[in-house]
Number of protein chains: 2
Amino acid sequence: MQRTSLTKNPCPVARALDSIGDWWSLLIIRDAFDGVRRFGDFQRSLGVAKNILTARLRRLVADGILALEASSDGTPYQEYVLTAKGEDLFPVIVALRQWGEAHFYRKNERHSVLVDRHDNKRVQKIQVLSSNGKLLSPSETLVKKPSALE
Amino acid sequence: MQRTSLTKNPCPVARALDSIGDWWSLLIIRDAFDGVRRFGDFQRSLGVAKNILTARLRRLVADGILALEASSDGTPYQEYVLTAKGEDLFPVIVALRQWGEAHFYRKNERHSVLVDRHDNKRVQKIQVLSSNGKLLSPSETLVKKPSALE
DNA sequence: CCGTATCCATTCCGATACTG
DNA sequence: CAGTATCGGAATGGATACGG
């Protein structure tokens, strides 16, 4: 039996995970944000088997997250670049990164950080804000079903 | 051969995904944010096989994302609740939700939304901000390796 | 250099039956 | 109700060999 598809699931989180909820896709996307564009570079960076990488890249292209482009340098190969839809995953990656930084490193263990290119300062912690700009904790929010909207 | 563990990976995103980068874990956590606490409720909500659910819940407890508590009502069973580490995933879930809303629904298709409990208004779009509060696009940021920090 | 094809082991997943 | 046990099929993952 096949894995249940979530593309028809009513929840936006489920539909999102249907595209990128596997072990490798978000790592590929993270690399793409870091400027990786070539098959071999993804492969070396991730240490993933080539056939798996092929399948994942194809899926991401089919889902409109990556696109194939002619190479920027002279080489006759194509490159994988983020589409607008893919770029919209930036907050997801940053949130994951900050969660990882907070909970998976020992006190004296250092890790890379995300900085503003212009002033070299660390990016702010990503937050959930109300319409008037106040920080919201999970318990102060509520998921409202479409049927319950006016 | 086993899947390569990412717990020693230098990248915070990779370490995070080692805990929650599979198909079900983030959906379980989403449910937990929505107040689901009992085994059977997770099972019905997700439609996942019970043995898989068992394995995932165990992993999340072992990783300190969920904890087992005595039930709040009178029943003699235990409940799965988010730890502080688990609650810190809130921005990740919200970012995923907003990305899903933006890209996986047709024009007239409605979906649930996340609102502020106090005023019933929609939560702001999650953003990556510089230290002085300006919105940053992916290309305006840079990942700095620990070796390159002063 | 960029993939594709194939092989094999492991894991994942769903369904169902079962226990306390 | 909350799991455990087991089964079979599918997908995943790693390695390697091959082709344009």
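What you see is a predicted model; the values in this text were computed from it and never measured. Just so we're on the same page: letters track the sequence lines, and every chain starts at 1.
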Verify the contact: side-chain N or O of Arg38(A) to OP1 or OP2 of dC1(C), cut-off strictly under 4.0 Å; return yes or no. no

Could a donor-acceptor pair under 3.5 angstrom be found where the side chain of Asn51(B) meets the base of dG14(C)? yes

Under 4.0 Å, counting only non-hydrogen atoms across every strand here, what does Arg58(B) touch: a base, just sugar-phosphate, or nothing? sugar-phosphate

Closest-nucleotide mapping onto DNA chain D: is Gly40(B) or Ile52(A) further toward the 5' terminus? I mean the 5' end. Gly40(B)

Here the distance between atom C1' of dG13(D) and atom CH2 of Trp24(A), to the nearest Å, is 9 Å

Output yes when at least one side-chain N/O atom of Thr4(B) is less than 4.0 Å from OP1 or OP2 of dG14(D), else no. yes

As a quick check of understanding, evaluate ring-ring contact (aromatic ring centres under 6.0 Å, His included) for Tyr80(B) and Phe39(B), giving each step before the final call. CA-CA 8 Å; Tyr80(B) 297 89; Phe39(B) 185 93; 7.1 Å; no

In whole Å, I'd like the distance from the OH atom of Tyr77(B) to the P atom of dT4(D). 14 Å

Just N and O in the side chain of Trp23(A): are any of them under 4.0 Å from OP1 or OP2 of dC12(C)? no

Could you tell me how far apart Leu27(A) (CG) and dG13(D) (C1') are, to the nearest whole angstrom? 14 Å

State whether Thr54(A) places a side-chain N or O below 4.0 Å from either non-bridging phosphate oxygen (OP1 or OP2) of dT4(C). yes

Just how far, in rounded Å, is P of dC12(C) from CG of Asp22(B)? 8 Å

Which residue is it: Arg110(A), Arg122(A), Arg106(A)? I am looking for the one with a salt bridge (Lys or Arg N to Asp or Glu O under 4.0 Å) to Glu101(A). Arg122(A)

NZ/NE/NH1/NH2 to OD/OE distance under 4.0 Å, Lys85(B) and Asp63(B): no

Just call it for Tyr80(A): base, sugar-phosphate, or nothing, with non-hydrogen atoms closer than 4.0 Å on any strand. sugar-phosphate

side-chain N/O Arg56(B) vs dG3(D) OP1/OP2, d < 4.0 Å: no

Atom-pair distance (CD on Gln78(B); P on dG3(D)), nearest Å: 8 Å

Would you indicate, yes or no, if dC12(C) has its OP1 or OP2 atom less than 4.0 angstrom from a side-chain nitrogen or oxygen of Arg59(B)? no

Using the rule given for side chain to side chain contact (heavy atoms under 4.5 Å, CB included), can you reason through Leu136(B) versus Asp116(A), listing the C-alpha separation, both sets of side-chain angles and the distance that settles it, and then say yes or no? CA-CA 8 Å; Leu136(B) 290 173; Asp116(A) 181 341; 3.7 Å; yes

Heavy atoms from C-beta onward define the side chain here; which of dA2(D), dA17(D), dA15(D) lies closest to that of Lys50(A)? dA17(D)

For the pair made of CD in Gln43(A) and P in dC2(C), what is the distance, rounded to whole Å? 10 Å

Please find the pair of heavy atoms, one from Ile93(B) and one from Arg30(B), that lie closest to each other, and give the distance. CD1-N, 4.1 Å

Specify the separation, in whole Å, of atom CG of Leu46(A) and atom P of dC2(C). 14 Å

Whole-Å distance, Leu53(B) CG to dG14(C) P, equals 11 Å

